[in-house]
Amino acid sequence: MESVIAVENLSKTYKSGHPALQNINLEIRKGEIFALLGPNGAGKTTTMRLLNGVLLPDSGSARVLGLDPWRDGEALRRRTGVLTENA
C-alpha cells in the first residue's frame, strides 16, 4: 500500500537544549487512521510543524503526500490544511 507519510530518524532540539523529538520513525499508509496523543511537551505540535515544513529538523527525513516538507512546504501546506493551536 502507498505511504502518505514516511518519517525516518526525525529529530528536533530547540535552542534551549530541550529535545522535542528524537529519532522518530513512522509510516502511515493510505486509508489508515493515525493519532498523535500525549501530554503537553510530548512533541505533537513539533511533529506537525515539521511534517508541514514550518520547522526545519535537526536530522532525519520525511515525505508527506510524496512531497519533501522542507523543499516543497508551500505546496504541501496548500494540500494539508493543518491548523495548530498556536500560529
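Numbers here are sequence positions counted from 1.
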Roughly how far apart are Ser3 OG and Leu65 CG, rounded to 0.5 Å? 11.0 Å

For Glu8, is the CD atom crowded, meaning more than 12 foreign heavy atoms sit under 6.0 Å from it? no

Can you name the closest pair of heavy atoms from Pro69 and Ala62 and give their distance? CD-O, 3.3 Å

Quick one: do Leu76 and Val54 end up in the same hydrophobic cluster if we chain Ile, Leu, Val, Met, Phe, Trp and Tyr together by side-chain heavy atoms under 4.5 Å apart? no

Could you grab the distance from atom CG of Asn9 to atom CG of Asp58, nearest 0.5 Å is fine? 13.0 Å

Just checking, any donor-acceptor pair under 3.5 angstrom between side chains of Gln22 and Ser11? no

Is there a side chain to side chain contact (heavy atoms under 4.5 Å, CB included) between Leu51 and Ile5 once you walk through the steps? CA-CA 8 Å; Leu51 293 180; Ile5 299 175; 4.2 Å; yes

Between Arg29 and Glu27, is there a salt bridge with N-O shorter than 4.0 Å? yes

Side-chain heavy-atom pair Asn25, Val7 within 4.5 angstrom cut-off: no

Main-chain N/O of Thr47 paired to Lys12 side chain as donor or acceptor, under 3.5 Å: no

The reported gap from CG in Leu50 to CH2 in Trp70 (rounded to nearest 0.5 angstrom) is 6.0 Å

Distance from Thr80 atom OG1 to Asn52 atom CG, nearest 0.5 Å? 4.0 Å

Taking all heavy atoms of Gly38 and all of Lys44, pick out the closest pair and write down the distance. O-NZ, 2.8 Å

Spacing of Asp72 atom CG and Leu67 atom CG [to the nearest 0.5 Å]: 5.0 Å

So how far is it from Leu55 CG to Met48 CE, rounded to the nearest 0.5 Å? 12.0 Å

